[in-house]
Amino acid sequence: MAEVCRLSGKFNGYQLEKLFEPNSIKKVDGVFKRSCKWDRYIKGVTPNKNALKLVYDKFPHAIELYDSLLWESLQVGPLPEFYWEQFYLKLPINLKRLANRFRSYKSESFYKLGKNKQHALNEIRRVGNLDALACMFALMRECSANGDYGTYDFIETAIFNLIFWTLSKEPFFRCRSKIFVFLVTHIFIGDEAKRLRDTPWNLTLEQINGFIYINQKNILLAEDLQLVIGDDELYEFIYWKSVGDSKLIVKEMAQAFRCELWEVKDSQMGLKWLIKQLNKTRKSDRKIGGVI
């Protein structure tokens, strides 16, 4: 509903009701009468099917967010038996296969097990969208519930690398501090005795905003250089930038931005390496050349 408010420019129940159901507002004896149901929706009451259809007709993107599996992956309180098994079945087929592969790996060698699981997790990270983030939350929480704190640790690290990109986008950006507090309070392990290392989540609001600002700036820089167009290319860029030398990549992107034409230079895990990775999955008309 916050996304509906943002897209429509309306921020209270009366304005939403006037936007979606203007005929329901009646003037009786000089006083406006209305159902006030949109006020209740803003407060968290689940909209009925007719209300959802009205929203979908005007703002289909908001309904996609409303139906996102992310909310199921962040469900709090006692969960029913086989909750996560049912959750994985709802994932898109590519993520369902990756989640099943991740969960199926078993080995007497801790090193080999960790390597196999990390490879599957990297493929989930590459998908990069909200479904992928939801999948990672589910895997992490399942590991926590099973006492597998070693696996929990490297999933948490992967989420740390992705969460600030997500918080930099609307509608998450407008309530980023509340989302962060919710995650720290209800989702991530708070008991230091169960952690393999210090928590990475002891951040101030200023630090959170700093991470988000850097991510937004890097995205704009990549778009200005035409390295990315659309979400799919952006998710690939985010993944490979985190795998490479991120500081060097950003430095070389900034150098390229200041030049009318900039020849990509050889550097270990830098921009040239990043472009090579991006080109592997792109059609010929979207491949990036040696001069940008």
Please work out which of the three classes, parallel, tilted or perpendicular, describes the rings of F164 and F211, given edges at 30° and 60°.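 Plane angle between 30° and 60°, so tilted.
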Closest non-hydrogen atom pair, [X] against [Y]:
X: A158; Y: L121; answer: CB-CD2, 3.8 Å
X: L91; Y: C135; answer: CD1-SG, 3.9 Å
X: L167; Y: F180; answer: CD1-CD1, 4.5 Å
X: L162; Y: G128; answer: CD1-O, 4.1 Å
X: C36; Y: E17; answer: N-OE1, 3.4 Å
X: I155; Y: C143; answer: CD1-SG, 4.0 Å

Which pairs with one or both residues in residues 73-103 pass ring-ring contact (aromatic ring centres under 6.0 Å, His included), sequence neighbours excluded? W84-F87
Pairs flagged by ring-ring contact (aromatic ring centres under 6.0 Å, His included) wherever residues 121-148 is involved - sequence neighbours left out: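 Matches after skipping sequence neighbours: none remain.
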Shared hydrophobic cluster, [X] / [Y] (ILVMFWY, side-chain heavy atoms < 4.5 Å):
X: M140; Y: V76; answer: yes
X: F154; Y: F160; answer: yes
X: L278; Y: I229; answer: no

Excluding sequence neighbours, so at least two apart, what forms side chain to side chain contact (heavy atoms under 4.5 Å, CB included) with [X]?
X: N218; result: W165, I214, K241, V250
X: N23; result: none
X: V243; result: Y239, W240, W273

Derivation and outcome, side chain to side chain contact (heavy atoms under 4.5 Å, CB included), residues N116 and H119: CA-CA 5 Å; N116 288 337; H119 183 267; 5.8 Å; no
Count the heavy atoms of every other residue, nucleotide or ligand shown that sit under 6.0 Å from [atom1] of [X], and state whether that count exceeds 12.
X: Q226; atom1: CD; result: no
X: D191; atom1: CG; result: yes
X: E206; atom1: CD; result: no
X: Q268; atom1: CD; result: no
X: K287; atom1: NZ; result: yes
X: K18; atom1: NZ; result: no
X: D285; atom1: CG; result: yes

So, taking the atom named [atom1] in [X] and the one named [atom2] in [Y], what distance separates them when rounded to the nearest 0.5 Å?
X: M136; Y: S73; atom1: CE; atom2: OG; answer: 10.0 Å
X: I189; Y: S144; atom1: CD1; atom2: OG; answer: 3.5 Å
X: F20; Y: N50; atom1: CZ; atom2: CG; answer: 13.5 Å
X: L221; Y: L225; atom1: CG; atom2: CG; answer: 5.0 Å
X: D39; Y: N12; atom1: CG; atom2: CG; answer: 7.0 Å
X: S35; Y: R40; atom1: OG; atom2: CZ; answer: 6.0 Å

With sequence neighbours excluded, what pairs up with H186 under the ring-ring contact (aromatic ring centres under 6.0 Å, His included) test? F182
Can you list the residues that meet the ring-ring contact (aromatic ring centres under 6.0 Å, His included) rule with Y14, with sequence neighbours excluded? none
Please collect all salt bridge (charged side-chain N to carboxylate O under 4.0 Å, His left out) contacts where either partner lies in residues 226-237, sequence neighbours excluded, each pair once.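 Non-adjacent pairs meeting salt bridge (charged side-chain N to carboxylate O under 4.0 Å, His left out): R126-E236, E233-R282, E233-R286.
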Restricting to pairs with a member in residues 130-144, which pass salt bridge (charged side-chain N to carboxylate O under 4.0 Å, His left out), not counting sequence neighbours? R103-E142
Side chain to side chain contact (heavy atoms under 4.5 Å, CB included), that's the test. Do L130 and L69 meet it? Break it down for me. CA-CA 8 Å; L130 286 184; L69 289 171; over 6 Å; no
Does any N or O in the side chain of K272 come within less than 3.5 Å of the main-chain N or O of K265, such that one atom is a donor and the other an acceptor? no
Is any side-chain heavy atom of [X] less than 4.5 Å from a side-chain heavy atom of [Y]?
X: L74; Y: L183; answer: yes
X: I288; Y: L227; answer: yes
X: T199; Y: N202; answer: yes
X: F172; Y: L70; answer: yes
X: I208; Y: W201; answer: no
X: K194; Y: Y152; answer: no
X: I124; Y: L139; answer: yes
X: S68; Y: W71; answer: yes

Side chain to side chain contact (heavy atoms under 4.5 Å, CB included) between K247 and D245, worked out: CA-CA 6 Å; K247 291 183 179 180; D245 186 336; 4.1 Å; yes
Cationic N near anionic O, under 4.0 Å, [X] to [Y]:
X: D57; Y: K53; value: yes
X: D153; Y: R197; value: yes
X: E21; Y: R34; value: no

Name all residues meeting the side-chain hydrogen bond (donor to acceptor under 3.5 Å, both in side chains) criterion together with K58; count only those two or more places apart in sequence or in a different chain, and write none if there are none. none
What residues form a side-chain hydrogen bond (donor to acceptor under 3.5 Å, both in side chains) with E72, not counting sequence neighbours? K90
Going through the distances and angles, do F173 and Q216 end up as a side chain to side chain contact (heavy atoms under 4.5 Å, CB included)? CA-CA 11 Å; F173 179 75; Q216 289 174 327; 3.9 Å; yes
Under 3.5 Å, is there a donor on one side chain and an acceptor on the other for R125 and S242?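 Per modelled atom types, R125 and S242 side chains form a pair under 3.5 Å.
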Verify whether one side chain among K280 and Q277 offers a donor that lies under 3.5 Å from an acceptor in the other. yes
Kindly list each side-chain donor-acceptor pair under 3.5 angstrom involving residues 251-262, sequence neighbours excluded, with atom names and distances?
unit_1	atom_1	unit_2	atom_2	d
E252	OE1	S267	OG	3.4
E252	OE1	L271	N	2.8
E252	OE2	S267	OG	3.0

